[in-house]
Amino acid sequence: MRGAIFVEGINVQEIIFQFVGGLGIFLFGMKYMGDGLQKSAGDRLREILDRFTTNPFMGVLAGIIVTILLQTSSGTTVLTVGLVNAGFMTLRQAIGVIMGANIGTTVTAFIIGIEIKEYALPIIAVGAILLFFFKNKKVTYLGQTVFGFGSLFYGLKLMSTGMKPLRSLETFQDLTVSMSDQPILGVVIGTLFTVIVQSSSATIGVLQSLFEQDAIELSAALPVLFGDNIGTTITAVLAAIGTSVAAKRAAFTHVIFNVVGTTIFLLIINLYIPFISYLQDKLDLNEPMTIAFAHGIFNFTNTAIQFPFIALLAVIVTKLIPGDDVEIDQKPKHLDPIFVEQSPSLALDQAKSEVMRMGEFAYKGLEETSQYLNNHSPKHANKAMQYEEGINNLDRNITEYLVSLSSYSLTELESHKHSALIDSVRDIERIGDHFENLIELVDYKISNKVHLTEQAQEDLNDMINLTLITVKQAMKALETMDREEALAVVQKENQIDQYERSYRKKHILRMNEGVCTGPAGIVFVDIISNLERIGDHAVNIAEEVLGGKQS
């Protein structure tokens with residue numbers, strides 16, 4: 001082969017090309033299969049984690065199920081970090097999910113252990129037929145899963161073929177001997193490889209192929225396997241950057257869990273190696289399935305050992321990472337269903353209290369957006385998006401609560417209050433959508449290096465400050481049902497409209513004078529339009545106090 005590189009008579013270029021290409025196809029297949037399974041499950045994985053983690057044991061089960069569907073423990077852990085960050089899950093519940101994710105991820109290794117690599121291409125063909133010749137979404141999702149399944153095995157076959165010559169390469173033989181003699185070296189190699197590839201399933205698949213080709217002994221493979229489990233924690237650590245203290249603790253728990261497990265198994269590795277060899281002989285396991293059993297037993301035993309100490313783990317990470325648990329508690333606090341049946345009047349008061357929290361989220365989210373507009377610090381954008389997510393969650397919960405309340409008999413006054421709350425919830429939710437639009441506009445401004453003139457920035461700050469005051473006053477009017485406050489909101493909204501018209505004209509003048517660029521003009525106009533719409537929704541809330549919407 002022209003340009004080929006030979007070492008000890010082995011074509012190294014061919015090995016690298018087959019390995020890298022096979023790894024790419026393997027990763028694609030695993031991701032595609034996971035996406036298909038996720039879509040088949042109705043894309044409700046976050047809800048599974050949110051609802052079925054009432055205690056650590058249920059958290060373990062939820063972690064196993066979601067990881068099997070996602071085909072990645074990292075994906076489950078990232079979801080968990082997000083839920084902890086949003087206040088939907090406690091640290092103890094999260095630890096259970098993380099333990100379950102470690103068990104769930106072993107399923108991929110067992111799938112690889114099934115001897116069907118030779119049928120990879122026909123499986124891909126079946127997946128392609130389901131994908132391209134059927135219109136039904138469920139069949140398409142099944143096709144995606146099957147296609148990904150076949151691609152996973154085809155990639156594995158390419159890697160396996162590529163790595164076959166390694167067993168006769170003296171340098172590689174020396175490395176495997178070193179890993180057998182010094183298990184710590186194997187752990188480090190496994191950790192680094194998984195950090196690079198960002199998938200423990202892929203690195204374990206590589207390990208299974210090496211073991212199948214007799215390129216590595218079991219005594220060298222097991223330390224690498226332990227290192228793979230440590231390396232997979234890096235994704236959760238990266239996901240926790242810039243999140244709440246509780247989310248950082250959840251990610252760090254994942255690291256501690258796998259490091260402790262690896263330490264325990266390194267101490268007993270001289271017993272574990274013959275035990276796995278015994279299982280291989282007794283159960284007549286092929287090489288990939290032997291690694292799968294070693295992986296499964298490691299994670300299951302690690303979970304069994306550490307599960308009773310979940311509370312202790314929580315205390316340790318709390319000491320190591322001090323601070324407040326939740327920055328933004330997105331869960332509803334006042335919607336007790338017992339009041340719906342027993343006292344609709346009290347239920348309305350509960351709903352109103354939750355609507356006020358939702359309004360507070362809208363104000364604070366807009367405040368964070370204002371800061372992001374001025375200093376471009378991502379922490380403000382992240383915080384604003386957390387508030388927006390909180391608004392959406394409260395919107396769903398409050399609406400469901402009020403809808404269930406509507407089936408009970410209400411007085412005329414209560415009916416009016418009920419209607420005003422439903423309408424206000426919709427308006428607050430729309431405020432959240434508009435400040436989300438503003439964040440996207442600032443993102444566009446930053447990524448495209450769009451420069452606003454000093455005068456334009458001043459105009460935006462004047463308008464956003466007035467909008468903030470208007471939103472705050474609208475919520476105060478709703479809380480106190482004060483007509484004077486509501487009338488003041490209407491006046492301020494008229495002023496916002498005047499600002500919008502005036503600033504738009506000033507912007508056109510700047511454009512004509514060549515002071516302002518086209519992209520900057522688009523960003524400026526879109527920002528003031530969104531602020532004007534926020535003012536409209538604020539006045540809608542005020543007009544509920546005045547006796548009905550006029551706009």
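Every heavy atom of this structure was used, including side-chain atoms; hydrogens, water molecules and symmetry mates were not.
Judged as a side-chain hydrogen bond (donor to acceptor under 3.5 Å, both in side chains), and not counting sequence neighbours, the contacts of Thr399 are Asp395. Partners of Asn229 according to the side-chain hydrogen bond (donor to acceptor under 3.5 Å, both in side chains) rule, which considers only residues two or more places apart in sequence or in another chain, are Asn299. In this structure, the salt bridge (Lys or Arg N to Asp or Glu O under 4.0 Å) partners of Asp433, at least two apart in sequence or on a different chain, are Arg430. Annotation: ring pair (Phe, Tyr, Trp, His ring centres under 6.0 Å) contacts of Phe300 (sequence neighbours excluded): none. In terms of the side-chain hydrogen bond (donor to acceptor under 3.5 Å, both in side chains) criterion, Asn448 has no residue partners (sequence neighbours excluded). Remark: Val317 pairs with Leu91, Arg249, Phe252, Thr253, Ile256 by the side chain to side chain contact (heavy atoms under 4.5 Å, CB included) rule, at least two apart or across chains. For Val139, the side chain to side chain contact (heavy atoms under 4.5 Å, CB included) partners at least two apart in sequence or on another chain are Leu130, Phe134, Asn136. Gln306 is linked by a side-chain hydrogen bond (donor to acceptor under 3.5 Å, both in side chains) to Asn302, counting only residues two or more places apart in sequence or in another chain. Every residue two or more places apart in sequence or in another chain that forms a ring pair (Phe, Tyr, Trp, His ring centres under 6.0 Å) with Phe298 is listed here: Phe226, Phe265. For the salt bridge (Lys or Arg N to Asp or Glu O under 4.0 Å) test, no residue two or more places apart in sequence or in another chain qualifies with Glu440. Residues passing the salt bridge (Lys or Arg N to Asp or Glu O under 4.0 Å) test with Glu429, sequence neighbours excluded: none. Every residue meeting the ring pair (Phe, Tyr, Trp, His ring centres under 6.0 Å) condition with Phe28, not counting sequence neighbours, appears here in chain and number order: Tyr32.
Listed for the Thr145 side chain is a donor-acceptor partner under 3.5 Å among the backbone atoms of Tyr141. With hydrogens and angles disregarded, no donor-acceptor distance shorter than 3.5 Å links the side chain of Asn393 to the backbone of Glu389. Remark: the backbone N or O of Phe147 is paired with a side-chain donor or acceptor of Ser151 at under 3.5 angstrom. No donor-acceptor pair closer than 3.5 Å links the side chain of Glu368 to the backbone N or O of Ala384. No donor-acceptor pair closer than 3.5 Å links the side chain of Thr233 to the backbone N or O of Val255. Side-chain atoms of Tyr372 do not come within 3.5 Å of backbone N or O of Lys383 as any donor-acceptor pair.
Residues Asp228 and His295 have side chains that never bring a donor and an acceptor to within less than 3.5 angstrom of each other. A side-chain N or O of Asn392 and one of Glu388 form a donor-acceptor pair less than 3.5 Å apart. Under 3.5 Å, the side chains of Thr194 and Thr203 contain a donor-acceptor pair of N or O atoms.
Using a 4.5 Å heavy-atom cutoff, the side chains of Thr140 and Phe132 are not in contact. Taking 4.5 Å as the limit, some side-chain heavy atom of Ile398 sits within range of a side-chain heavy atom of Met358. Looking at Ile64 and Met99, their side chains never come closer than 4.5 Å, going by heavy atoms from C-beta outward. Counting heavy atoms from C-beta on, the side chains of Thr290 and Leu279 never come closer than 4.5 Å. Contact check for Pro223 versus Ile269: side-chain heavy atoms found under the 4.5 Å cut-off. Taking the side chain as every heavy atom from C-beta outward, Ile216 and Leu207 approach each other to under 4.5 Å. Side-chain atoms of Asn258 and Thr232, non-hydrogen and from C-beta on, do get closer than 4.5 Å to each other.
Here the CG-CZ distance, from Leu313 to Phe307, works out to 11.5 Å after rounding to the nearest 0.5 Å. Interatomic distance, Glu287 CD to Glu212 CD, rounded to the nearest 0.5 Å: 6.0 Å. Taking CD1 of Ile291 as the start and CD1 of Ile276 as the end, the distance is 8.5 Å to the nearest 0.5 Å. Distance check, rounded to the nearest 0.5 Å: CG of Leu438 to CG of Asp443 gives 11.0 Å. Here the straight-line distance linking atom CD1 of Ile103 with atom CD1 of Ile98 works out to 13.0 Å at 0.5 Å rounding. Taking CZ from Phe133 and CG from Leu131, the interatomic distance works out to 10.5 Å, rounded to the nearest 0.5 Å.
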Under the side chain to side chain contact (heavy atoms under 4.5 Å, CB included) criterion, do Phe257 and Ile95 qualify, and how do the steps go?
CA-CA 9 Å; Phe257 176 73; Ile95 293 172; over 6 Å; no
Side chain to side chain contact (heavy atoms under 4.5 Å, CB included) evaluation trace for Leu222 with Ile273
CA-CA 8 Å; Leu222 291 184; Ile273 294 167; 3.7 Å; yes
List the steps and the verdict of side chain to side chain contact (heavy atoms under 4.5 Å, CB included) for Ile297 and Phe275.
CA-CA 11 Å; Ile297 292 167; Phe275 173 67; 3.9 Å; yes
Determine whether His376 and Val442 satisfy the following criterion, side chain to side chain contact (heavy atoms under 4.5 Å, CB included), listing intermediate values before the conclusion.
CA-CA 8 Å; His376 296 172; Val442 179; 4.0 Å; yes
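One finds a salt bridge joining Arg357 and Glu354 here, because a Lys/Arg side-chain nitrogen approaches an Asp/Glu carboxylate oxygen to under 4.0 Å. Ion pair Glu400/Arg396 not flagged as a salt bridge, since none of the NZ, NE, NH1 or NH2 atoms sits closer than 4.0 Å to an Asp/Glu carboxylate oxygen.
Closest heavy-atom contact between Gln208 and Ala109: NE2-O, 3.0 Å. Considering every non-hydrogen atom in both Met289 and Asn286, the closest pair reads N-OD1, 2.7 Å. Counting all heavy atoms, side chain and backbone alike, Leu218 lies closest to Phe211 at N-CE1, 3.7 Å. In this structure, Ile439 and Met385 approach most closely via the heavy-atom pair CD1-SD, 3.7 Å. Thr67 approaches Ala101 most closely through the heavy-atom pair OG1-CA, 3.1 Å.
Phe435 and Tyr387 have their aromatic ring centers separated by at least 6.0 angstrom.
In the displayed structure, Asn375 atom CG is contacted under 6.0 Å by more than 12 heavy atoms of other residues, nucleotides or ligands.
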